[in-house]
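Worth saying up front: this structure is predicted, and the values here are computed from it rather than measured.
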Amino acid sequence: MNQNTKGINFTKIVIIISLTVMLLILGTYVVLMSNNEKNAKKTGEVMINQMSGILTQNQSDEETLVASLKEEYMIRAKTVAYMLEHDASAEYDVEELCKIANMLSVDEIHLFDETGTIYSGTRPQYYGFSFNSGEQIGYFKPMLMDKTLSMCQEVQPNTAEGKSMMYAITWDSNGERMIQVGIEPTRLLEELKNNRISNVVDSMPVYENLEIYVADADTEEVLGATDAQIAMKLSEVGIDVSNIQKNTICHFPAVVKGCESNCSALQEGQYVICIVQNMAGIRKNTFFSILLIVMYLIIAAMIILVVSKQLLMIKEEQMDQLTILTSMAEIYYSMHLIDLPNNTFTEYSAQEAVKETASEDRSTDAVSTMRDVMYLTMSEEYLETGLEFSNLKTLAERMQNKKILSMDLLGKNVGWIRMSFITLSRDLDGKPQKVICTTRIIDEEKRKEELLIMESNTDKLTQCYNRRAYENDVLLYEANSPEDDFVLISMDVNGLKNVNDTLGHNTGDELLVGAAECMRQSFGDYGKVYRMGGDEFTAIIHANTEQLEKLMADFENRLHRWSGKLLDNLSVSYGYVAKREYPNTAVRELANIADKKMYEKKAKYYSGIPK
């Protein structure tokens with residue numbers, strides 16, 4: 001072939017490549033523009049379904065919270081009854097009753113006689129009210145018929161002032177009077193609900209030109225948005241709620257915050273969920289994407305031209321391929337080409353440890369060599385798993401119609417590795433013929449993963465496990481019944497509110513940290529200590545009767561010896577229960593029993609404080 005012929009052929013290649021690039025650019029532009037709206041609708045539906053599921057779960061969590069509040073308030077009512085039985089002088093002493101209410105963090109205490117009439121309490125203006133005084137207070141009439149009954153009411157406007165309250169009531173142990181406590185939790189629950197929605201929206205993964213709005217279905221008020229500055233109604237943003245349907249995802253155009261947008265929306269229950277996509281911004285990004293594609297195509301065309309010229313020289317092509325394979329091999333701890341039908345392997349790259357292990361067999365049999373390498377390099381707990389994963393006899397079946405198969409394994413000397421098989425060629429049935437086997441060290445990835453898990457389950461202030469960790473562990477115990485040495489300890493730091501109010505929150509934090517340290521030092525070697533929130537802690541340990549007695553004595557001793565920089569003493573009320581005492585009782589019921597014992601001690605503690 002002479003030089004002129006070579007020049008003509010190369011010119012034809014340039015022309016063909018140029019025309020191909022232009023057609024690809026035009027086709028890409030048409031496809032991208034036609035798919036923008038379809039993709040926007042699909043994206044909106046996916047995001048709405050995700051938000052709907054999360055909001056539904058949040059509502060369920062709120063109902064669970066209300067149920068737990070009822071249980072807690074009943075315990076407080078019983079605690080007041082217990083304290084009055086041991087201090088009869090407080091029955092008609094409004095000031096003393098107010099102290100008890102403050103101590104137990106309740107807003108009101110009312111004492112009812114056997115006819116259901118208020119005769120004492122923290123609010124003298126309510127004296128004389130009875131179960132016949134109104135619909136709200138009449139809710140408790142069943143108490144008159146059954147003195148074993150205890151009741152807790154949902155949040156309702158009270159009879160006297162119409163103030164939203166939550167009341168819990170119980171008979172005393174003698175059946176002579178009823179003790180009622182009232183708490184006003186509405187603000188807390190409403191704030192919690194709004195914060196949850198805001199946090200959910202903030203945590204949702206969003207893309208450029210996409211915004212999420214969650215609003216109240218009745219008021220249109222935006223409860224959560226990806227734009228933290230938004231604090232208004234949907235109509236003020238530019239979203240017409242008349243276009244939104246109940247329980248059906250709808251799509252409509254709108255001008256949101258002055259930008260042409262496509263809205264996907266759904267009204268589900270009390271919420272309206274809107275996904276807004278800025279179409280002008282998407283078209284702009286499409287234009288830049290096309291420019292980027294043009295650049296890539298030009299670069300690709302140049303590469304193709306260069307490769308086309310190099311294809312004229314077979315020897316140079318082979319050298320280029322070898323260079324590429326060598327560069328890829330440097331990324332991995334080891335890299336081998338395996339021919340499955342012929343049961344052979346070719347080494348592209350391997351660290352000395354792998355080379356030495358593979359050379360001990362002196363075999364070209366890929367199946368045997370792979371098995372021997374796994375025996376010599378895998379840790380004992382991962383050996384069986386590693387042998388099954390690396391079994392070349394079954395690999396073709398397992399990788400049928402698959403491009404890659406990976407698994408994380410723990411080695412004896414190198415730590416965590418990721419072993420992968422990558423299909424290079426396959427037969428007509430889709431089974432791989434040749435595969436690349438690679439290993440890569442992933443110790444750093446595993447450390448980061450373990451650190452994230454630990455942080456998500458740890459209370460920042462006290463470094464104890466948090467409520468999330470507690471709930472996860474309880475679920476495990478519920479699925480697998482705990483052994484007889486299972487012990488649950490409920491603990492509450494005494495006087496935290498008073499310390500915070502009089503000495504400041506820094507002193508209160510020192511009190512919590514000191515209490516947590518005493519708990520971990522006493523119980524840490526036998527189980528876990530959790531901070532449930534505020535001044536409440538729980539420990540789950542495994543100890544026999546003799547060990548438990550020593551642990552509790554050690555805990556008392558540590559509390560007695562403790563002294564901080566801002567405070568020189570601390571006190572913790574606690575109650576504990578062992579599984580062997582209640583062999584057929586569920587874990588959460590054991591927790592309730594421990595809580596009850598703790599509150600009894602707490603009541604005794606506060607009743608012993610000088611007036």
Side-chain angles (χ1 to χ4, degrees), residues 63-87 90 97-112 121-122 139-140 142-143 146-156 165-175 177-185 188-189 467 470-471 474 488-497 530-540 571-577 581-582 585-609:
E63 292 172 358
T64 302
L65 173 60
V66 171
S68 66
L69 285 176
K70 283 186 175 182
E71 186 174 354
E72 180 183 339
Y73 295 162
M74 284 306 311
I75 292 174
R76 297 187 189 184
K78 292 178 180 179
T79 301
V80 174
Y82 178 87
M83 296 175 72
L84 291 178
E85 289 176 8
H86 290 78
D87 185 6
L97 289 173
C98 287
K99 289 181 181 179
I100 294 174
N102 185 57
M103 181 191 311
L104 296 179
S105 300
V106 300
D107 299 308
E108 302 173 6
I109 294 176
H110 306 295
L111 304 183
F112 290 76
T122 58
Y139 171 82
F140 298 103
M143 296 291 298
D146 186 356
K147 292 189 176 183
T148 64
L149 192 62
S150 295
M151 299 180 68
C152 187
Q153 192 178 34
E154 297 279 356
V155 177
Q156 296 286 338
M165 297 290 292
M166 195 168 181
Y167 290 99
I169 189 168
T170 183
W171 283 93
D172 65 8
S173 61
N174 298 321
R177 61 191 169 198
M178 289 172 279
I179 293 85
Q180 184 186 71
V181 297
I183 301 95
E184 186 179 12
L188 173 63
L189 292 176
R467 178 180 284 273
Y470 172 81
E471 292 295 340
V474 168
L488 190 145
I489 308 170
S490 176
M491 296 168 283
D492 197 294
V493 180
N494 294 323
L496 177 64
K497 184 178 185 304
Y530 311 83
R531 184 185 179 195
M532 308 299 287
D535 54 3
E536 300 175 4
F537 293 82
T538 296
I540 295 179
S571 171
V572 175
S573 294
Y574 61 84
Y576 61 87
V577 60
E581 300 176 54
Y582 304 89
T585 304
V587 173
R588 294 189 187 276
E589 184 59 30
L590 291 175
N592 291 337
I593 296 171
D595 281 344
K596 183 177 180 181
K597 292 182 177 181
M598 179 272 290
Y599 277 115
E600 289 176 355
K601 283 196 174 183
K602 196 171 189 71
K604 291 179 180 179
Y605 168 82
Y606 283 114
S607 65
I609 296 178

Inset, instruction - Could you tell me which non-hydrogen atom of Thr170 sits nearest to which non-hydrogen atom of Ser150, and how far apart they are? - result: OG1-OG, 3.1 Å

Inset, instruction - Just say parallel, tilted or perpendicular for the rings of Tyr576 and Tyr574, cut-offs at 30° and 60°. - result: parallel

Legend entry - OG-NZ distance between Ser571 and Lys601, expressed to the nearest 0.5 angstrom: 10.5 Å

Legend entry - Note, Val80 side chain near Leu104 side chain (heavy atom, < 4.5 Å): yes

Inset, instruction - Find the distance between NZ (Lys99) and CE (Met83) and round it off to the nearest 0.5 Å. - result: 11.5 Å

Legend entry - Distance (rounded to the nearest 0.5 Å) between Glu154 CD and Leu69 CG: 10.0 Å

Inset, instruction - Output yes when a side-chain donor or acceptor of Arg588 lies under 3.5 Å from a complementary backbone atom of Val474, and no otherwise. - result: no

Legend entry - Atom pair NZ (Lys597) and CG (Leu488), whose distance is rounded to the nearest 0.5 Å: 11.0 Å

Legend entry - Residue pair Asn174 / Glu85: nearest heavy atoms and the distance that separates them: N-OE2, 4.4 Å

Legend entry - Exceeds 12 heavy-atom contacts within 6.0 angstrom, atom NZ of Lys70: yes

Inset, instruction - Of all the heavy-atom pairs spanning Cys152 and Met166, show the shortest one and how long it is. - result: SG-CE, 4.3 Å

Legend entry - Nearest-0.5 Å distance that lies between atom OG1 in Thr79 and atom CG in Leu84: 11.0 Å

Legend entry - Donor-acceptor contact below 3.5 Å, side chain Tyr73 vs main chain Ile169: no

Inset, instruction - Please report the shortest heavy-atom distance between Thr538 and Met532, naming the atom on each side. - result: OG1-CG, 3.4 Å

Inset, instruction - Applying side chain to side chain contact (heavy atoms under 4.5 Å, CB included), run through Phe140 and Met178 and close with a yes or a no. - result: CA-CA 11 Å; Phe140 298 103; Met178 289 172 279; over 6 Å; no

Legend entry - For the student: nearest non-hydrogen atoms of Glu600 and Tyr82, plus distance: O-CE2, 4.4 Å

Legend entry - Check: Ile109 main-chain N/O paired with Thr122 side-chain donor or acceptor under 3.5 Å: yes

Legend entry - Donor-acceptor pair, side chain of Asp107 and main chain of Glu184, under 3.5 angstrom: yes

Legend entry - Any Pro142 side-chain heavy atom under 4.5 Å of Leu149 side chain: yes

Inset, instruction - Any chance you could measure Met151, atom CE, to Trp171, atom CH2, to the nearest 0.5 Å? - result: 13.0 Å

Inset, instruction - Check Thr585, Ile540, Asp595 against Leu590 for a side-chain contact (heavy atoms from CB on, under 4.5 Å) and give me the one that passes. - result: Thr585

Inset, instruction - Applying side-chain hydrogen bond (donor to acceptor under 3.5 Å, both in side chains) between Ser573 and each of Asn494, Asp492, Asp535, report the one that passes. - result: Asn494

Inset, instruction - Say whether, by atom type as modelled, one donor and one acceptor occur between the side chain of Arg467 and the main chain of Gly533 under 3.5 angstrom. - result: no

Inset, instruction - Before giving the answer on side chain to side chain contact (heavy atoms under 4.5 Å, CB included), spell out for Ile489 and Phe537 the whole-Å C-alpha distance, their side-chain angles and the decisive distance to 0.1 Å. - result: CA-CA 8 Å; Ile489 308 170; Phe537 293 82; over 6 Å; no

Legend entry - Smallest separation among heavy atoms of Ala81 and Ile179, with atom names: CB-CD1, 3.7 Å

Inset, instruction - Check whether the side chains of Glu108 and Tyr167 place a donor and an acceptor atom closer than 3.5 Å, and report yes or no. - result: yes

Legend entry - Atom NZ of Lys602: over 12 foreign heavy atoms under 6.0 Å: yes

